[in-house]
Amino acid sequence: MSQTEELIIIGSGPAGLTAAIYAARGGLNPLVVSGREAGGQLMITTDVDDFPGFSEGIQGPDLMANMRKQAERFKTCFTHEDVLSVDFSQKPFVIKTETQNLKSQAVIIATGASAMWLNLPSEQRLIGKGVSSCAVCDGFFFKDKNVIVVGGGDTAMREVNYLSKLCKQVTVVHRRDALRAQKALQELVKSKSNVNFIWNSEVLEVLGQDKVTGVKLKNTQTGQISQLQIDGVFIAIGHKPNTDFLKGQIELDQKGYIVVHDETKTSIEGVFVAGDVADYHYRQAVTAAGAGCKAAFDAEEYLENLTK
Ligand code: NAP
């Protein structure tokens, strides 16, 4: 067993790294378990134009590298492993990685959420070459072009709304004949003159070698196969919070998001949460960073009270 840390932060996106910056400046010597794919969703994002402080925008990976350097400047330590499981039934808490059993007095969980994909080989091959899961990140590259959005929920309709302001034509491809999204969003997108719908249809294949040229669709009612020429494919079938390693250890909601009490607190005293792993509503780098700051303050207060 290793020494007992004061604070372990699990995750290294904007939430985890902002928590690290604040906790390190507060003298807590945080250890960040960054995950093998450190940096979170911004690592697959190109131009970030909405993170305050970068008047000309910044590339997602550069923003994360800067945040990381900032955390390291205040002596944050990192271990580049995935967490396999945790034991919050005992104190100090135990965090099991691929090679270590780490112990900590307090924990901040900031493991984020991952966009769900259709998991078609052609879709996976063309990610970043016309296939995206983030209209705000990548929509600009499809200015005046034709795109499809796959999905019928709130996320999909928000993507459609955003893209309709940039693209020539936005086609919603949905597997049923009714949207799941809230009525207000449905009405908003249906009122757009450049939005149309292909109902009862699923994507069988994304077409194109080095860039997207179209999609092959199957009608779920008739089985009929068709092809549609388009420039971009936005997959918006939901996000999955990265909480598999927490099951049975902490309160999760029906969709697997961590249940939050009082801004940053979880069902386990001493375990705090920040960012998309508990937030399916805002899901922005800046809101995640703000949550990371709050979690660090609350963890600091918790640790102070432990020693009183
Ligand atoms: P969601 O509500 O689960 O909707 C996912 C959509 O994708 C559904 O229409 C679903 O079809 C479709 N889908 C799922 N798997 C698919 C597959 N393999 N192939 C094709 N289509 C598939 O997810 P979400 O839209 O991300 O919303 C998640 C939560 O966040 C919801 O509670 C939502 O209200 C909330 N949210 C809120 C806002 C907001 O502005 N208030 C914005 C975003 C998200 P079916 O309808 O047939 O199941």
Side-chain angles (χ1 to χ4, degrees), residues 15 40-41 44-45 50 111-124 126-127 131-139 147-165 170-192 195-207 212 215-226 228 230 232-244 251-260 273 275-288 291:
Q41 291 184 67
I44 55 162
T45 304
D50 50 11
T111 44
S114 304
M116 297 201 299
W117 298 101
L118 298 170
N119 285 324
L120 301 168
S122 54
E123 166 210 53
Q124 294 296 302
L126 290 164
I127 290 173
V131 174
S132 169
S133 62
C134 177
V136 176
C137 317
D138 298 326
V147 300
I148 63 164
V149 174
V150 181
D154 285 345
T155 299
M157 294 311 112
R158 289 226 172 260
E159 300 282 84
V160 171
N161 181 42
Y162 187 88
L163 291 166
S164 69
K165 296 171 198 163
V170 182
T171 301
V172 179
V173 175
H174 185 34
R175 63 183 178 184
R176 294 188 293 130
D177 63 357
L179 297 173
R180 180 181 290 281
Q182 52 178 284
K183 286 280 174 290
L185 274 175
Q186 292 193 28
E187 279 161 23
L188 177 69
V189 299
K190 283 178 177 168
S191 71
K192 307 263 178 181
V195 172
N196 67 316
F197 293 82
I198 298 181
W199 302 107
N200 298 317
S201 293
E202 59 188 28
V203 176
L204 285 187
E205 190 182 345
V206 183
L207 304 171
V212 169
V215 280
K216 191 186 278 185
L217 301 176
K218 180 182 169 189
N219 185 300
T220 53
Q221 306 286 303
T222 63
Q224 195 185 348
I225 310 283
S226 61
L228 183 68
I230 32 102
V233 176
F234 286 82
I235 307 295
I237 58 172
H239 284 77
K240 186 180 174 301
N242 298 319
T243 53
D244 285 350
E251 193 185 355
L252 303 176
D253 72 11
Q254 280 182 336
K255 293 194 168 153
Y257 287 88
I258 295 175
V259 174
V260 192
V273 63
D276 290 12
V277 72
D279 167 26
Y280 55 67
H281 186 67
Y282 296 105
R283 297 203 323 247
Q284 298 300 300
V286 71
T287 52

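Whatever order the structure lists them in is the order used to number ligands and atoms, beginning at 1.
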Checklist entry - Of the protein's non-hydrogen atoms, which lies at the shortest distance from atom 34 (O) of ligand 1, and what is that distance? => result D154 OD2, 2.6 Å
Next on the checklist: Using only atom types and a distance under 3.5 Å, with no angle test, would you say the side chain of S201 pairs donor to acceptor with the backbone of W199?
Outcome noted: yes
Item to check | E205: salt bridge (Lys or Arg N to Asp or Glu O under 4.0 Å) partners, not counting sequence neighbours | outcome: K216
Checklist entry - For atom 5 (C) of ligand 1, what is the nearest protein heavy atom, given as residue, atom name and distance? => result I237 O, 3.5 Å
Checklist entry - What atoms of ligand 1 come within less than 4.0 Å of a heavy atom belonging to K255? => result 31 (C), 32 (O)
Checklist outcome for this item: At under 4.0 Å between heavy atoms, what of L118 touches ligand 1? The answer is side chain
Item to check | Ligand-residue contact atoms, ligand 1 with G238, heavy atoms, under 4.0 Å | outcome: 23 (O), 26 (O)
Checklist outcome for this item: Applying salt bridge (Lys or Arg N to Asp or Glu O under 4.0 Å) to K255 and not counting sequence neighbours gives none
Next on the checklist: Closer than 4.0 Å to some heavy atom of Q182 - which atoms of ligand 1 meet that?
Outcome noted: 39 (C), 41 (N)
Item to check | Whether M157 lies under 4.0 Å from ligand 1, heavy atom | outcome: no
Checklist entry - Considering only protein heavy atoms, which is closest to atom 35 (C) of ligand 1, and at what distance to one decimal place? => result Y280 CD1, 3.6 Å
Item to check | Atoms in ligand 1 with a heavy atom of H281 nearer than 4.0 Å | outcome: 39 (C), 41 (N)
Checklist outcome for this item: Per side-chain contact (heavy atoms from CB on, under 4.5 Å), F197 is matched among V189, T171, V173 by V189
Checklist entry - Just by modelled atom types, is the Q182 backbone N or O under 3.5 Å from a matching donor or acceptor in the D154 side chain? => result yes
Checklist outcome for this item: Counting from 1 in the order shown, the ligand 1 atoms closer than 4.0 Å to a non-hydrogen atom of G152 are 6 (C), 7 (O), 8 (C), 9 (O)
Next on the checklist: Could you tell me, atom by atom, which parts of ligand 1 come under 4.0 Å of a heavy atom of T155?
Outcome noted: 24 (P), 25 (O), 26 (O), 27 (O), 43 (C), 44 (C)
Item to check | I237 to G151 - nearest heavy-atom pair and separation | outcome: CG2-CA, 4.2 Å
Checklist entry - Evaluating non-hydrogen atoms only, which member of M116, R176, R175, Q254 is closest to atom 14 (C) of ligand 1? => result R175
Checklist entry - Is the backbone of A181 close enough, under 3.5 Å, to the side chain of Q186 for a donor and an acceptor to pair up by distance? => result yes
Checklist outcome for this item: Nearest heavy atom to atom 39 (C) of ligand 1, choosing from R158, R180, E159, belongs to R158
Next on the checklist: Could you check whether any side-chain N or O of N200 sits under 3.5 Å from a backbone N or O of N219, counting only pairs where one atom can act as donor and the other as acceptor?
Outcome noted: no
Checklist entry - Any sub-3.5 Å donor-acceptor pair from E123's side-chain atoms to N119's backbone N or O? => result yes
